[in-house]
Amino acid sequence: MLDSKQLRTETEAVARNLARRGFALDLDAFRALEERRKAVQIEADRLRAERNANAKAVGMAKGKGEDASAMLARGEQLTGELTAAEVALAAVQTESDAWLMGLPNLLHDSVPEGRDETANVEVRRHGTPRVFDFTPQDHVDLGVKLGGLDFEAAARISGARFVVLRGGIARLHRALAQFMLDLHTGEHGYQEIYAPYLVSPEALVGTGNLPKFAQDLFAVQGERPFYLIPTAEVPVTNLVREQIIAPESLPMRYVAHTPCFRSEAGAAGKDTRGLIRQHQFDKVELVHIVKPEDSYAALETLTSHAETVLQRLGLPYRVLALCAGDIGFGSAKTYDLEVWLPGQGQYREISSCSNCEAFQARRMQARWRNPATGKPEPLHTLNGSGVAVGRAMVAVLENYQNADGSVTVPDALRPYMGGLEVLRG
RNA sequence: GGAGAGAUGGCCGAGUGGUCGAAGGCGCACCCCUGCUAAGGGUGUAAGGGUCAAAAGCCCUUCGAGGGUUCGAAUCCCUCUCUCUCCGCCA
């Protein structure tokens, strides 16, 4: 959610910024709505003030034993008028809120121009793709032959875009998550979080997934309106919902390993092969809660923490600064990490690190007490994958494959694999 | 699942229809006194929104949430959520 004051006072600048995303802010509609809101709200406040004063006068008159019948009649009339005014206010408020909730975040000045992913800017590269003296297989062929990836069984159980992992591959998957958690808690100073996988609509509104992106989510049938989390970002960022954080508690750094559930509506036919795009996948998520002045330094730090995972695993990757048109709804600036996949002969997204500034904090009323003003002010929230577990496993399988179809276990994972050095069928 | 008790400001806690945004305490901030390892006194201290170029001021809202009764609700009624205790069940 944008700062409504900023929206009102710097409307033109906000519109210019949103236009970089390709989002057209309808200035006339906004101003008309504002006029209406202002008039209705002022009138409702006025009526309420008068009713309160009248009611108070009744109390005082009765206390003195005076006749209050005229004031009682006036009160009745005021209540009637107020009820009507409040109905009108609620209507315009709903309209105004819905409109505000539909606006994406403002972009940081450093975000490159461009309307789609082809305009993303490569910031740096790390590692060199391995040169194979045989034709590398993709992770599906490798995993199926190793007996560890079973898409057919998953299809019988659940349908398309699910997988069953078995044996050494299942353990490799677990090893990756464990390795990442230990790295972030042990070396990067994160607190490990275990959080709910089912969340309320309010939590999703807080992170910006609702109301606009309901089609991306799985809603759970039942008495209560639960959704499956699309990422641990949702429960973890909501840890600071409706809180006022003391400055000495900042920054907060959280890491959580959770499954993520995505409907992938609109992705029909895209990445249908293998583990790249599943309805359920595991991810180790990093969340920073910081003072506003620190958030861009925190974005660099958070990104570097995700990069460390790939470095320790010996996986070649590149870092992209997403362009204006490709950046997510709630983010002011995003870096994507793309890992090299020999089986596909290309770099594929494995992490996305975003600074949401105060966008989510405003939605969830997450504040800190700024000593400079003594007032509660919105925090800045950041999140990033550190990293996607399924895709990391794809990268390990493809990058560490051998000519005979076996897969060498990266050094960093061996302690988590009982010392195993090579995965064989 | 059954029975009971509760939900008030950063924290604890009083408050059963009117001048209550809410006593008192703790914590915190500032000031004074005193001065030697400790205290005493005073003042202030909720959040959200509106109006305003902005500040001040003024106004509105908020005592778990939503509805209702009333001229007027923290206080009365209804529904829901959450917490705690006991019983049952369960990993």
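Heavy atoms only: backbone and side chains are in, while hydrogens, waters and symmetry mates are out. Each chain gets a letter, A, B and so on, in the order its sequence line appears, and its residues count up from 1.
Among residues at least two apart or in separate chains, side chain to side chain donor-acceptor pair (under 3.5 Å) pairs with a member in residues 377-389 of chain A are A/Glu233-A/Asn383, A/Ser295-A/His380, A/Gln360-A/Thr381, A/Asn370-A/Glu377, A/Thr373-A/Glu377.
With respect to the salt-bridge test (charged N to carboxylate O, under 4.0 angstrom), the residues A/Arg51 and A/Glu81 do not qualify. Between A/Lys38 and A/Glu34 there is no salt bridge, since none of the side-chain N atoms of the basic residue sits less than 4.0 Å from a carboxylate O of the acidic one. Using a cutoff of 4.0 Å between basic side-chain nitrogens and carboxylate oxygens, A/Arg241 and A/Glu202 are not scored as salt-bridged. A/Lys291 has no carboxylate O lying under 4.0 Å from a charged side-chain N of A/Glu293, or vice versa, which leaves the two without a salt bridge. In summary, A/Glu264 and A/Arg161 do not engage in a salt bridge, as defined by a charged side-chain N under 4.0 Å from a carboxylate O.
Of the possible donor and acceptor atoms, none in the side chain of A/Glu95 sits under 3.5 Å from a partner among the backbone N and O of A/Leu33.
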TODO: Represent RNA chain B in dot-bracket notation, 5' to 3'. Only Watson-Crick or G-U wobble pairs with both distances under 3.5 Å count; pseudoknot-style crossings use [ ] and interstrand partners use |.
DONE: ((((((((.[[[..)..(.....]]]((((((.......))))))((((((.....)))))).[[[[[..)....]]]]])))))))....
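The same atom, C1', is picked in B/U34 and in B/G24; the two are 27 Å apart, to the nearest Å. Look at the P atom in both B/C58 and B/U45: the space between them is 13 Å, to the nearest Å. Nucleotides B/C26 and B/A14 have their C1' atoms positioned 15 Å apart, rounded to a whole Å. On the P atoms, B/C80 is 31 Å away from B/G21, given to the nearest whole Å. Rounded to the nearest Å, the gap between the P atom of B/U16 and that of B/G49 is 33 Å. With P as the reference atom, B/G64 and B/U8 are 7 Å apart, rounded to whole Å. Atom name P, nucleotides B/A22 and B/C59: the rounded distance is 13 Å, in whole Å. Across the C1' atoms, B/G44 and B/C52 are found 27 Å apart, a figure rounded to whole Å.
No donor-acceptor contact under 3.5 angstrom links the side chains of A/His184 and A/Tyr254, judged on distance only. Residues A/Tyr227 and A/Asn209 bring no donor and acceptor atom of their side chains to less than 3.5 Å of each other.
Ring centroid separation for the pair A/Phe359 and A/Phe329 comes in under the 6.0 Å cut-off.
No side-chain heavy atom of A/Glu192 sits under 4.5 Å from any side-chain heavy atom of A/His257. Side-chain atoms of A/Arg31 and A/Thr11, non-hydrogen and from C-beta on, do get closer than 4.5 Å to each other. You'll find the side chain of A/Leu165 reaches within 4.5 Å of the side chain of A/Leu149, heavy atoms only.
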Task: Letter per nucleotide, 5' to 3', of nucleotides 45-64 of chain B [B base touched, S only sugar-phosphate touched, - untouched; heavy atoms, 4.0 Å] - done: --SSBSSS------SSS---
Polar atom pairs between nucleotides 16-19 of chain B and protein, under 3.5 Å, N or O only, would you list them?
{"residue": "B/G18", "atom": "O6", "partner": "A/Lys62", "partner atom": "NZ", "Å": "3.4"}
{"residue": "B/G18", "atom": "N2", "partner": "A/Ala55", "partner atom": "O", "Å": "2.6"}

For nucleotides 76-80 of chain B, print each protein N/O atom paired with a nucleotide N/O atom at under 3.5 Å, atom names and distance only.
none

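Atom CD in A/Gln243 sits about 13 Å away from atom C1' in B/C11, given to the nearest Å. Rounded to whole angstrom, the span from the CD atom of A/Glu202 across to the P atom of B/G66 amounts to 12 Å.
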Would you be so kind as to tabulate the donor-acceptor pairs closer than 3.5 Å made by side chains of residues 15-27 of chain A, with sequence neighbours excluded?
{"residue": "A/Asn17", "atom": "OD1", "partner": "A/Leu107", "partner atom": "N", "Å": "2.8"}
{"residue": "A/Asn17", "atom": "ND2", "partner": "A/Leu107", "partner atom": "O", "Å": "3.0"}
{"residue": "A/Arg20", "atom": "NE", "partner": "A/Glu113", "partner atom": "OE2", "Å": "2.8"}
{"residue": "A/Arg20", "atom": "NH1", "partner": "A/His108", "partner atom": "O", "Å": "3.4"}
{"residue": "A/Arg20", "atom": "NH2", "partner": "A/Val111", "partner atom": "O", "Å": "2.4"}
{"residue": "A/Arg20", "atom": "NH2", "partner": "A/Glu113", "partner atom": "OE2", "Å": "3.2"}
{"residue": "A/Arg21", "atom": "NE", "partner": "A/Asn105", "partner atom": "O", "Å": "2.9"}
{"residue": "A/Arg21", "atom": "NH1", "partner": "A/Ile327", "partner atom": "O", "Å": "3.2"}
{"residue": "A/Arg21", "atom": "NH1", "partner": "A/Gly328", "partner atom": "O", "Å": "3.0"}
{"residue": "A/Arg21", "atom": "NH2", "partner": "A/Asn105", "partner atom": "O", "Å": "3.0"}
{"residue": "A/Arg21", "atom": "NH2", "partner": "A/Gly328", "partner atom": "O", "Å": "3.3"}
{"residue": "A/Arg21", "atom": "NH2", "partner": "A/Ser331", "partner atom": "O", "Å": "2.7"}
{"residue": "A/Asp26", "atom": "OD1", "partner": "A/Asp28", "partner atom": "N", "Å": "3.3"}
{"residue": "A/Asp26", "atom": "OD1", "partner": "A/Ala29", "partner atom": "N", "Å": "3.1"}

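Residue whose closest nucleotide on RNA chain B sits further toward the 5' end, between A/Glu223 and A/Gly75: A/Gly75.
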